[in-house]
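No hydrogens, no waters, no symmetry mates; every other heavy atom, side chains included, goes into these values. Note that this is a predicted model, so its numbers are computed, not measured.
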Amino acid sequence: MMSQDAQYYVQSNDIGKKRTEPTKETKIVLNGNDLSIEQVIAVARKMTKIEIADEALQRIQAARKFVNDQADANFPTYGFNRGVGLNKDRVVHANHYEKFNHNLILSHSIAIGTEASEEQVRATMLIRLNTLLQGYTGIQVHIVFLYKEFLNRGIRPVMLQRGSVGAADLGQLSSIGMTMIGEGMAYYKRLRMPAKEALEQAGLRPATLGPKDGLAIVSSNAFALGKAALLVHELDQLVDSADLIYALSLEGLDGNVSPLFEKVVDAKKLSGQKRSAAFVRDCLRNSYLWDGHVRKHLQDPLSFRGAFSVHGSVRDALDYVRENLTICMNASEDNPSILLDEKKIVSSANYEITTLVSGIEMLSIVLAHLSKIACYRIIKLSSPDFTGLTRFLVPRDSSIIGFATMQKTFAALDAEIRHLCQPVSMDFFPLEGDIEDHATNSVYALEKARLIVDSLYYILGIEAIHAAQAIDLRKHIHLGIGTREVYETIRRSIGFLDKDRDLSLDIEKAFRIVKSKEILRNAEKAIRQKE
């Protein structure tokens, strides 16, 4: 029999209504230990339903029982019978637990700025729920069920994005607590309304907070982790797109492919470089570049010769971030932590994520390298000295200006990326009476990485425009299996530049094509069909 603490109750106005049958879609079962980035994406974007494993629920119940048993204890415990931050010396009496935890949620509602997206909020709630299932918080079971039901029924707290210093995303996560107690604003099935109304419409009972509940809700990096999961998923596909467009540029340049030879690449022994080189070879399968004809240049510029190596650096950085992010999504962040086997509640520093944030900043730096090397390829494609084609890829014997001025666009974007890749994890203040003297600015580091990605879609789109134009000027060359799909996808939306026109329109079209992953899907499908 489940305890009353574990139940969520249907509102009276829903009683007697016909219940819909559960859908047959695959559900993700959370146990606190093996949540994957792919599962985060499925729940955040595809609304995949979740369940909680029995063993995880048992851990929650056991930890909550221990907290309730300690409710009248006099042993000072941070965030339990004492305050938080510098107020750790203030006593919280048992008869004030509800008020203290309620006030904690209110006082930590400090976030500002624009609203987080639906996928960001859902990723945040999923990750925090999964880390709670470790059983180190002592949170009441009803709150755990509310996390699950918010995700399954389409309740989304209004969460603002700015205001976290990266030592737990207090302001963002307090919005989840506000919705759980029926205060503030929320979305229910994508309609914005007061949180109390959203709970009523969903048939859920608001939470009445008890000992340790408030800190368990807000003391987590789940917002940063959710943004990181979405970023990693995006970059997995962006680096493939970068490889694919680079391959098309090689054909536009009539470039040397010897640096891509498998045995040459294997000699370097770098995992990311090997993967990028292999994908570029697949994209260029059957390309005229392999026919052995003599190239104009013995060696190409480094932006062509070694681009797959730079792209491989992005893959290596992604591997590091993916590994540490997965650890964080399946680990305790709690302070204090309940050690149930030892019957103790102890202070900890498990909210610390410098390892992950350092990886995010490394990722931003290597993305800046990817941007720079793509820009240099675009410049080379516009130069007759490197291509043997016309200046700025204009039609032969034409007086049009062509792509000359477009160089300012990608140069401006690259300058923004150069600024955005600067580390920010060291830019923090000692706060809360000088006791909280370390932070990571994790959320801002991730937001900067996201902005870099957005600019990269433009730069890669501009490169694809140039590569397609160069290929047309070469006339009748045989493209690779993958690059043929890129070329044709570009040409379906952006025609050959035979006279000057509004290039902003072309750039926007290319941006949308690259960002939508249309070229990547088409190329990968073509490669698979030839295997």
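- Looking only at distances, a side-chain donor or acceptor of Gln134 sits under 3.5 Å from a matching main-chain atom of Asn330.
- In summary, the side chains of Thr326 and Arg322 do not present any donor paired with an acceptor at a separation below 3.5 Å, with no hydrogens or angles considered.
- Arg59 places a side-chain N or O within donor-acceptor distance of the main-chain N or O of Leu133, the cut-off being under 3.5 Å.
- Counting heavy atoms of neighbouring residues, nucleotides and ligands inside a 6.0 Å radius, atom NE2 of His419 does not exceed 12 of them.
- Of all heavy-atom pairs between Ala523 and Leu244, the closest is CB-CD2, 3.4 Å.
- Remark: side-chain polar atoms of Asp300 are paired, donor with acceptor, to backbone N or O of Asn256 under 3.5 angstrom.
- Between Phe410 and His466, the two ring planes are perpendicular [angle over 60°; tilted spans 30° to 60°].
- When only modelled atom types and interatomic distance are considered, Glu251 and Thr483 share a side-chain donor-acceptor pair under 3.5 Å.
- A 4.5 Å side-chain heavy-atom check between His369 and Cys421 finds every atom pair outside the cut-off.
- Considering only residues two or more places apart in sequence or on other chains, Thr440 meets the side chain to side chain donor-acceptor pair (under 3.5 Å) condition with none of them.
- Taking both residues in full, the closest heavy atoms of Tyr147 and Ile176 are given as CE2-CG2, 3.9 Å, listed atom of the first, atom of the second, then distance.
- Residues Ser371 and Asp414 come closest through the heavy atom pair OG-OD1, 2.6 Å.
- Of the residues Asn324, Val40, Asn33, Asn221, the one that meets the side chain to side chain contact (heavy atoms under 4.5 Å, CB included) test with Met329 is Val40.
- Below 30°, between 30° and 60°, or above 60°: for His311 and Tyr246 the angle between ring planes is above 60°, a perpendicular geometry.
- Taking 4.5 Å as the limit, every side-chain heavy atom of Ile217 sits out of range of all side-chain heavy atoms of Arg128.
- A donor-acceptor pair is defined here as one N or O able to donate and one able to accept, closer than 3.5 Å; such a pair exists between the side chain of Lys448 and the backbone of Leu420.
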Salt bridge (charged side-chain N to carboxylate O under 4.0 Å, His left out) between Asp243 and Arg281, worked out | CA-CA 10 Å; Asp243 283 343; Arg281 288 195 301 268; over 6 Å; no
Kindly determine whether Ser220 and Glu333 satisfy side chain to side chain donor-acceptor pair (under 3.5 Å), including the steps that lead there.
-> CA-CA 6 Å; Ser220 166; Glu333 300 184 286; 2.5 Å; yes
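- Within the 3.5 Å criterion, the main-chain N or O of Val43 finds a donor-acceptor partner in the side chain of Arg122.
- Using modelled atom types, no side-chain atom of Arg450 and backbone atom of Leu231 make a donor-acceptor pair closer than 3.5 Å.
- Taking Asp500 as the reference, nothing meets the side chain to side chain donor-acceptor pair (under 3.5 Å) condition, with sequence neighbours excluded.
- Here the side chains of Lys372 and Val310 are not in contact, with every heavy-atom distance at 4.5 Å or above.
- The ring pair (Phe, Tyr, Trp, His ring centres under 6.0 Å) contacts involving residues 479-526 comprise Tyr458-Phe511, where partners must be two or more places apart or lie in separate chains.
- A donor-acceptor pair under 3.5 Å links the side-chain atoms of Gln172 to the main chain of Leu160, judged by distance alone.
- At least one donor-acceptor pair under 3.5 Å links the side chain of Gln469 to the backbone N or O of Leu497.
- When all heavy atoms of Phe308 and Ser276 are compared, the pair lying nearest together is O-CB, 3.4 Å.
- The shortest heavy-atom contact between Ala445 and Ser364 is O-OG, 4.5 Å.
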Go through Glu51 and Lys148 one step at a time and tell me if the salt bridge (charged side-chain N to carboxylate O under 4.0 Å, His left out) criterion holds.
-> CA-CA 7 Å; Glu51 292 290 349; Lys148 184 189 77 160; 3.8 Å; yes
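- Not one N or O on the side chain of Asn335 forms a donor-acceptor pair closer than 3.5 Å with the backbone of Ala349.
- Asn152 contributes a side-chain N or O that, together with a main-chain N or O of Ile50, makes up a donor-acceptor pair within less than 3.5 Å.
- Counting heavy atoms from C-beta outward, Val264 and Pro259 have side chains that stay 4.5 Å or more apart.
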Residue pair Arg285, Asp282: steps toward the salt bridge (charged side-chain N to carboxylate O under 4.0 Å, His left out) verdict = CA-CA 5 Å; Arg285 199 184 309 162; Asp282 282 343; 3.1 Å; yes
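- At a threshold of 4.0 Å, the pair Lys517-Asp240 does not count as salt-bridged, since none of the basic side-chain nitrogens sits closer than that to a carboxylate oxygen.
- Within the 4.5 Å cutoff, the side chain of Glu115 has heavy atoms near those of the Tyr187 side chain.
- The closest side-chain heavy-atom distance from Phe403 to Gln407 is not below 4.5 Å.
- Listed here is the closest heavy atom pair of Phe223 and Gln120: CE1-CB, 4.3 Å.
- By the 6.0 Å contact criterion, OH on Tyr136 is open, its count of non-hydrogen atoms from other residues, nucleotides or ligands being 12 or less.
- Counting heavy atoms from C-beta on, the side chains of Asp334 and Ser348 never come closer than 4.5 Å.
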